[in-house]
Every structure is written in C-alpha cells, then in structure tokens.
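Letters A, B, ... are given to chains in the order of the sequence lines, protein chains preceding strands, and every chain is numbered from 1. Worth knowing before you read on, the calculation uses all heavy atoms, side chains too, and leaves out hydrogens, waters and symmetry mates. Keep in mind it's a predicted model, so treat the numbers as computed, not measured.
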Amino acid sequence: MKPVRIVCILGPTGTGKTRAALSLGQSVEVVNFDSRQVYADFPIITAQPSSEELSCAPHHLYGFLACDQSMNAARMAELAADAIQEIHARGNLPVLVGGTGLYLRVLLEGIAPIPDIPEAVRRSVLERLQREGPQALHREVVRVDPAYAAVIHENDSQRNARALEVWLGTGRTLSDWHAEARPAFPLEAFKIGVRVDLDELTPRLAARIDEMLDMGALEEAREALAKCPDPKAPGWSGIGCAELLAHLRGEISLERARDIWERNTRAYAKRQLTWCRKERDLNGFEAGDFMGMAQAVGAWLKG
RNA sequence: GCCGAGGUAGCUCAGUUGGUAGAGCAGGGGACUGAAAAUCCCCGUGUCGGCAGUUCAAUUCUGUCCCUCGGCA
C-alpha cells in the first residue's frame, strides 16, 4: 500500500498554526490533533478556528466532544486516521494541526492495541493510589514490569496507575504491549515546526487571553457550567477553563483567574517547546512565514 | 502624635531557645506511548529594612532611625 501523504503543523499555542494550514492552498482539509480543541463547549477558551477560518476549508475533529467525556491518544489517533483516509479519497491534502505532541506521535508511530481496562480494575487502582500514594503502586510496578518502572518516577501518579491497571486488567505488562505499537496504515508526513522565542511569545499569549475574555470566554464558561456542573469532568481541566471555573464558583477573583491563566498558558507553551525540540524530521519555520511553508510543502508534494 | 503588627528569594510567607536561612508559587532545564492544556523529575547566596550596642559570634538579643499596615487621637 502506497503511503498516504499528510502535512503536520506543530508548535506552541498561539503561533498561528491554523492560519498556516489555510495558507497551504485550496485542496487542504484541516484535521485537529489538539487534546483540548475537541470540546464543544469551549470554542473560545481553547482557541478553536474562527467561523471565518472554518469557511476557508473543511475542518475535522474540532468541538465535537461533551465536557464530561474524555479523550485519549489512541482514540484521537483512530479518529484522525479515519479523517485522513476520507480526505485522501477525495483527492485533498490532509493537514494535521495541533499542539498535543503525544497525539501526533501516536498517529504517526502507532500505539499498542491495549483493550479497555474493566471499570472495576480502574477504580480499585485509583482507590489504592489515593489511599497509599503513587510510591506504593510504583513498588508493585517494579515487581511486575521492572523495565517500565525504570523509566518512570515513583511520584508519577498517572503513569504508575496506568502501568498497574494494564497489568491487572490484561495480565500483560505495559512494556510488553508497547512493543506492539504500529500505525493504522502507512503515512508519509511532512512536519512543519513553528519556531518562536518564548520571551517574544509571552506578551502575545497574554494579549490573546484578553481577546478571549472580550469575545465572551467568561460567558462561555458560565454556559458550560450550567450544562456540566461537575468540576472534575475532563473538559474542565483545560487551561483557562479551570481558572474561569474557580472564579465562577466564587473561589478566586476574575483578575486572579486571568493571572493564573496567563502563567499556566506560558508554562504550557514552554512544555510544548521542549517536546518540539525532540521531534524528529521537523522542518522549522518562523511563526508567520506562511510563504516559506507553502513553498516547502509544494516542493515536497512534487518530489 | 500614641498603641499594636510587620519589614527574610521575583511574589506569598516559614524559621533560627545567638553559630550568616527554607517552603510554595514564579523562573530555567528535562522527561513523556490510552488523563498529555495532564502527570512528573532536577536547579535556591538572599546587604534576613538602615545604623549602633552587647557578644568569640547577631538575621536572631538591646537601642535607635526609616518604611508598610491596622487601631486610637
């Protein structure tokens, strides 16, 4: 099977990735690989494409998930793979846009076909985590899967819980499963990395938060709260959502919420930059160099 | 003006019964395979408000001055 060609645009939040995708040409269809822009209730706060941008080209996997539903890397990769095949069948160019490095990696390199873990197993592991702490789970992981235990820290509650629930739920270790990772179908990707200096990006991120508030971010959160009052729901854990929720519940002032939102956004952009530095085969472009990106993609498609 | 409470890391504050100090947050670096906008790891010298006194030794005790915040005038 001939590999399907796709373009991926990754980079930190607030660097014009959506606009870059649209500048690549008319036969482009945009596919989201951002873990937060999937939520239907937060189009403003998660910076989903504007209606103007949406009218420029077909967009996929934006704003389709309810606040109380969770997404994960494997599921997102599956959905993206389906979208890519449809777009390819139409003769258009799939352009993947997003900021969640893990989701892109899983799409391109595949993920192990681990079955769903029974709810009872999940719950009991989480209860143990709360009762005994991540270190207790880690000791167990050291016993059953020393190879994986060696690469995660004993304080890492999420990864220790995951390793243990997979072992208890499937009878196989996570290392064992990971060896089976493979992509859904052959892909050939041209990866565009948007380059920015964090110090230059910081004031732009702050300004963007003010824009979001002007566009009605607070009202958006208020409406979401009416639909989904559970503060622990997956959708509320996004940056901006969590801070506005705290304000709406009377825990902090709006000014304070804005401050924390700004800091968290910056810290997130920093983590994204760390991820991008490690990404292989990345073609770096300055933010806003749409012409350079379009030319490079054109040359790649011909070659 | 008087009476209290304070002035310690970029911020909020611990602390030292006298031996020059440490948390959280921020900041920097990193990890990352089914929660990833998540989760986690590493990195802490700062006239301990100024000056003087006591002392082998003061950020710590004493005096004084400056500043901030309350209350009373």
Side-chain angles (χ1 to χ4, degrees), chain A residues 10-14 32-39 42 45-48 65 68-79 98-117 121-122 125-126 129 133-135 137-138 145 147-167 169-170 173-183 198-199 202 205 208-209 212 232-245 252 256 259-279:
Chain A
L10 67 155
T13 186
N32 170 239
F33 70 87
D34 189 288
S35 70
R36 289 292 146 182
Q37 295 184 336
V38 298
Y39 284 104
F42 301 115
I45 302 170
T46 65
Q48 290 173 36
L65 198 67
D68 61 349
Q69 302 291 304
S70 61
M71 182 44 68
N72 63 58
R75 175 91 184 111
M76 195 66 176
E78 229 170 79
L79 294 170
T100 308
L102 176 66
Y103 283 13
L104 184 66
R105 180 180 292 174
V106 163
L107 173 74
L108 297 178
E109 295 173 23
I111 191 162
I114 303 174
D116 288 343
I117 306 303
V121 173
R122 260 202 139 153
V125 170
L126 287 180
L129 176 64
Q135 298 83 6
L137 303 194
H138 189 256
D145 189 356
Y148 189 62
V151 296
I152 60 175
H153 195 272
E154 60 171 358
N155 294 349
D156 195 327
S157 49
Q158 287 184 0
R159 290 188 180 82
N160 281 298
R162 173 65 182 164
L164 197 55
E165 74 173 21
V166 166
W167 165 250
T170 70
T173 66
L174 209 43
S175 312
D176 197 17
W177 281 111
H178 286 169
E180 283 183 32
R182 40 152 183 74
L198 187 57
D199 288 333
T202 303
L205 294 175
R208 193 173 65 152
I209 286 172
M212 287 175 177
K232 289 206 181 83
W236 282 118
S237 63
I239 294 170
C241 307
E243 293 83 353
L244 291 178
L245 177 65
I252 52 175
R256 175 113 178 99
D259 273 3
I260 301 170
W261 184 359
E262 198 178 308
R263 281 186 224 160
N264 287 340
T265 303
R266 193 194 125 93
Y268 169 51
K270 199 193 112 173
R271 264 176 278 138
Q272 287 178 305
L273 285 168
T274 298
W275 186 285
C276 284
R277 262 176 230 136
K278 282 283 221 157
E279 191 72 34

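- Taking atom P on both rA73(B) and rU20(B), the two are 47 Å apart, rounded to the nearest angstrom.
- RNA chain B is contacted by Ser237(A), Gly238(A), Ile239(A) of residues 237-245 of chain A, taking any non-hydrogen atom closer than 4.0 Å.
- Glu165(A) contributes no side-chain N or O that, together with a main-chain N or O of Arg162(A), makes up a donor-acceptor pair within less than 3.5 Å.
- Residue contacts for Ala77(A): at a heavy-atom cut-off of 4.0 Å it reaches no nucleic acid atom on any strand shown.
- For the 3.5 Å distance criterion, the side chains of Thr100(A) and Arg36(A) fail to qualify, holding no donor opposite an acceptor.
- At distances below 3.5 Å, not a single donor-acceptor pair connects side-chain atoms of Asp145(A) with backbone N or O atoms of Leu164(A).
- Using a 4.0 Å heavy-atom cutoff across all strands shown, Trp177(A) reaches no nucleic acid atom at all.
- The gap from the C1' atom of rG1(B) to that of rU47(B) amounts to 33 Å, rounded to the nearest Å.
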side-chain contact (heavy atoms from CB on, under 4.5 Å) between Ile252(A) and Ile260(A), intermediate numbers included: CA-CA 10 Å; Ile252(A) 52 175; Ile260(A) 301 170; 4.1 Å; yes

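- Contact annotation: the side chain of Thr170(A) approaches that of Ile117(A) to within less than 4.5 Å [non-hydrogen atoms, C-beta and beyond].
- Using a 4.0 Å heavy-atom cutoff across all strands shown, Arg162(A) reaches at least one base atom of the nucleic acid.
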Take Arg271(A) and Trp275(A) through the side-chain contact (heavy atoms from CB on, under 4.5 Å) test and state the conclusion after the steps. CA-CA 6 Å; Arg271(A) 264 176 278 138; Trp275(A) 186 285; over 6 Å; no

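- Between Ile45(A) and Trp261(A), the closest side-chain pair of non-hydrogen atoms falls below 4.5 Å.
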Could you write out RNA chain B as dot-bracket? Rules: Watson-Crick or G-U wobble, both distances under 3.5 Å, brackets [ ] for crossings, | for pairs with another strand, dot for unpaired. (((((((..((((.....[..)))).(((((.......))))).....(((((..]....)))))))))))).

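- Using a distance-only test at 3.5 Å, with no hydrogens or angles considered, a donor-acceptor pair links the side chain of Gln48(A) to the main chain of Tyr39(A).
- The number of heavy-atom neighbours closer than 6.0 Å to CZ of Arg208(A), taken from other residues, nucleotides and ligands shown, is above 12.
- Judged purely by atom type and a 3.5 angstrom limit, Gln37(A) uses its side chain to pair as donor or acceptor with the backbone of Ala47(A).
- Arg159(A) comes within 4.0 angstrom of a nucleotide base, judged by non-hydrogen atoms across all strands.
- Between Phe42(A) and Trp236(A), a ring centre-to-centre spacing shorter than 6.0 Å is recorded.
- For rG71(B) and rU17(B), the P atoms lie 34 Å apart once the distance is rounded to whole Å.
- Residue contacts for Met71(A): at a heavy-atom cut-off of 4.0 Å it reaches the sugar-phosphate backbone alone, with no base atom in range.
- Look at the C1' atom in both rA21(B) and rU60(B): the space between them is 11 Å, to the nearest Å.
- Pro113(A) comes within 4.0 angstrom of a nucleotide base, judged by non-hydrogen atoms across all strands.
- Rounded to whole Å, the C1' atom of rC41(B) lies 11 Å from the corresponding atom of rC32(B).
- As judged by a 4.0 angstrom heavy-atom cut-off over every strand, Thr265(A) is placed among residues making no nucleic acid contact.
- Within the 3.5 Å criterion, the main-chain N or O of Gly99(A) finds a donor-acceptor partner in the side chain of Gln272(A).
- Residues Asp34(A) and Thr13(A) form no side-chain contact, since every pair of their non-hydrogen atoms from C-beta on lies 4.5 Å or further apart.
- Residue Arg122(A) is in sugar-phosphate contact alone, with no base atom involved, counting any heavy-atom pair closer than 4.0 Å across all strands shown.
- Heavy atoms of Leu198(A) sit under 4.0 angstrom from primed sugar atoms or phosphate atoms, though from no base atom.
- Nearest-nucleotide positions on RNA chain B for Leu174(A) and Asp34(A) put Leu174(A) closer to the 5' end.
- Among the heavy atoms of the strands, none lies under 4.0 Å from Tyr39(A).
- Between Arg271(A) and Glu165(A), the one whose closest nucleotide on RNA chain B sits nearer the 5' end is Glu165(A).
- Scanning RNA chain B 5' to 3' for nucleotides with an atom closer than 4.0 angstrom to a non-hydrogen atom of chain A gives a first and last hit of rC25(B) to rC41(B).
- rC43(B) and rU33(B): their P atoms are spaced 23 Å apart (whole Å).
- With both ends at atom C1', the span from rC42(B) to rA37(B) equals 23 Å, rounded to whole Å.
- Taking the C1' atoms as reference points, rC51(B) lies 25 Å from rG15(B), given to the whole Å.
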